[in-house]
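Okay, so here's the structure we're looking at.
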Protein chains: 2
Amino acid sequence: MDNKYLQIYHDYVEKIESGALRSQSKLPSEHELCQQYGTSRETVRKALHLLSQNGLIQKIKGKGSFVLPVEQMDFPVSGLVSFKELAAKMGKPSQTRVISLEALAADDKTASYLRVKSTTPIWKVVRTRTISGETIILDKDYFLQQIVPKLTVSVCESSIYEYLEEELDIPISFAKKEITVEKATAEDRECLDLEGYPMVVVVRNYVHLEDAMLFQYTESRHRPDKFRFIDFARR
Amino acid sequence: MDNKYLQIYHDYVEKIESGALRSQSKLPSEHELCQQYGTSRETVRKALHLLSQNGLIQKIKGKGSFVLPVEQMDFPVSGLVSFKELAAKMGKPSQTRVISLEALAADDKTASYLRVKSTTPIWKVVRTRTISGETIILDKDYFLQQIVPKLTVSVCESSIYEYLEEELDIPISFAKKEITVEKATAEDRECLDLEGYPMVVVVRNYVHLEDAMLFQYTESRHRPDKFRFIDFARR
DNA sequence: GAGTGGTCTAGACCACAGC
DNA sequence: CTGTGGTCTAGACCACTCC
């Protein structure tokens, strides 16, 4: 069901992540790829641009396109990725526990985060994440009921993200993350294995739909020594 | 000296950041832009894609392109931006102080960060950043002398980044940032106004050239309460 | 010089929104 | 239905790298 350029893109993501294409190795030239896939050059270029944007290849004028060093698949919290996917990539035993799941009216603070009026019907989900036996992340999610009419504990235990994308087909478009370090609250100390750390890393995530409407606000609170964030930027 | 698509892109960055184009307002259709700029549609689309990637506009199929809410000029540490630019955007009095500038041979630790052999000739620069009277950032930069033959204190006091890009014309291509929280060292406590905070936020930045060669490693150590990082992600 | 990627064009057909 | 953005094509010229 992919477009042509996504087809080419996914082919090469697979080749690179599986190791079939080694770091530093050269991709076929754009001309060759046109012939292999039977497409025009702009289409091939769109695929290569995507690979380059995502840090998988490097294009050098006059030379060609080369696979970049992957550097141990670095916990890419950057972008829109779910905890489930992350945990799977890291290959560590992990567990999600639902502390609470409530349908309620937004209080003033939550309403301001979601930029809606107070008393707007919302879902509030509180979960903890346990990795290798240590509970190190406290996630608090808020959704507009208008967008997500139904939500169950079992969905919250696996992946809300998957549910929204695949079941409800909600068109998630872009998200803004904000990372700060703050004093641990009583709730943090209660829910997490903080081991005496006085602070937590707070990742606030604002998720927007295709029409730019904000529909989800997530606050992810991490034990500082277990927190790691990777960002990849191009000129 | 810009390309056509960069011309269009910069025109609209200016219009949006200056406020001439309000949040939510609609851009001309791609067809109209073609006529206004006398270019083909793919060229206009390349410009709009860039605007969209950088979080300035939102394209909606069947409707048009719309200016996104800017949300208070959000300290965009994301991407490749220099401290000088950041401080200017935030409009706060700031100051850079050079603690040391040395040409030396890489020790084992530094060599492993830069992924070169020990004893490779490098520059080591240590600087502090003071904002509104508080010294809250300690920056340690390491460069390969092979790439940067000359470096002076006065360059380090203004902007090394500008010097590399504009004077030396070094083709910076991409960078990887890694954010963690670590115990403050004696050096941190000595150079920064830590106010008793036991930890610092460490941003490690690996900067690569166009040929994917690593040429700079920067370690930026922040007082936790003054740290803020913004990440913008699209589907 | 031949081969590469970077830009650009003038078309085409499609899917979606809104009337 | 018209107008919008999303995809795709088959060319073209340029700047760069390497021999």
Side-chain angles (χ1 to χ4, degrees), chain A residues 1-12 24-54 56-68 169-174 208-213 234-235, chain B residues 1-12 24-54 56-68 169-174 208-213 234-235:
Chain A
M1 302 304 89
D2 271 355
N3 296 325
K4 283 194 181 180
Y5 79 92
L6 284 177
Q7 192 64 256
I8 303 175
Y9 169 70
H10 286 135
D11 270 16
Y12 274 88
Q24 314 290 344
S25 59
K26 189 172 171 301
L27 269 62
S29 74
E30 296 181 352
H31 180 65
E32 283 177 283
L33 285 170
C34 291
Q35 297 185 324
Q36 287 178 24
Y37 285 92
T39 64
S40 72
R41 193 166 151 229
E42 286 292 357
T43 300
V44 163
R45 284 178 57 72
K46 221 185 269 189
L48 294 183
H49 181 70
L50 252 187
L51 288 166
S52 154
Q53 286 259 321
N54 292 349
L56 292 167
I57 69 166
Q58 174 72 4
K59 311 185 75 178
I60 307 178
K61 191 193 291 197
K63 289 196 189 172
S65 301
F66 302 85
V67 178
L68 279 177
D169 209 27
I170 289 179
I172 291 176
S173 163
F174 61 98
H208 297 254
L209 303 180
E210 262 188 11
D211 59 2
M213 179 184 180
R234 316 193 70 76
R235 295 284 309 159
Chain B
M1 305 307 87
D2 272 354
N3 296 325
K4 283 194 182 181
Y5 78 93
L6 284 177
Q7 192 65 255
I8 302 175
Y9 169 71
H10 286 135
D11 270 15
Y12 274 88
Q24 314 292 345
S25 59
K26 190 172 172 299
L27 269 61
S29 75
E30 296 181 351
H31 181 66
E32 283 177 284
L33 285 171
C34 291
Q35 297 186 321
Q36 286 178 24
Y37 285 93
T39 63
S40 72
R41 191 164 154 233
E42 285 293 358
T43 300
V44 163
R45 283 178 58 71
K46 219 183 272 189
L48 294 183
H49 181 70
L50 253 187
L51 288 166
S52 155
Q53 286 259 322
N54 292 350
L56 292 167
I57 68 167
Q58 174 73 3
K59 311 184 76 180
I60 306 179
K61 189 194 291 197
K63 289 197 190 173
S65 301
F66 302 86
V67 178
L68 279 176
D169 209 27
I170 289 179
I172 291 176
S173 162
F174 62 99
H208 296 254
L209 304 180
E210 261 188 12
D211 59 1
M213 179 184 181
R234 316 193 71 77
R235 295 283 310 155

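Numbered from 1 within each chain, the chains take letters A, B, ... in sequence-line order. What you see below is based on every heavy atom in this structure, not just the backbone, and it leaves out hydrogens, waters and symmetry mates.
By the 30° and 60° cut-offs, the orientation of the rings of B:Y37 relative to B:Y12 is tilted.
Applying the 4.0 Å criterion to OP1 and OP2 of D:dC16, one finds that A:K63 has every side-chain N and O outside that range.
Scanning all heavy atoms of the two residues, the minimum distance from B:E30 to B:L48 falls at CG-CD1, 3.7 Å. Across every non-hydrogen atom of B:K4 and B:G38, the tightest pair is NZ-O, 4.0 Å. Nearest heavy-atom pair across A:K26 and A:G64 is CE-CA, 4.4 Å. Closest heavy-atom contact between A:Y5 and A:T43: CB-O, 3.6 Å.
Using a 4.5 Å heavy-atom cutoff, the side chains of A:R45 and A:E42 are in contact. Side-chain contact between B:H208 and A:Q58 is absent, with no heavy atoms from C-beta onward closer than 4.5 Å.
Near DNA chain C, defined here as any heavy-atom distance below 4.0 Å, the residues from residues 32-45 of chain B are B:G38, B:T39, B:S40, B:R41, B:E42, B:T43, listed numerically.
By the side chain to side chain donor-acceptor pair (under 3.5 Å) test, B:H31 pairs with no residue at all, sequence neighbours left out.
Rounded to a whole Å, the CD atom of A:Q58 is 14 Å from the P atom of D:dT17.
First and last contacts of DNA chain C with chain B, using any nucleotide atom under 4.0 Å from a protein heavy atom and ordered 5' to 3', fall at C:dT7 to C:dG18.
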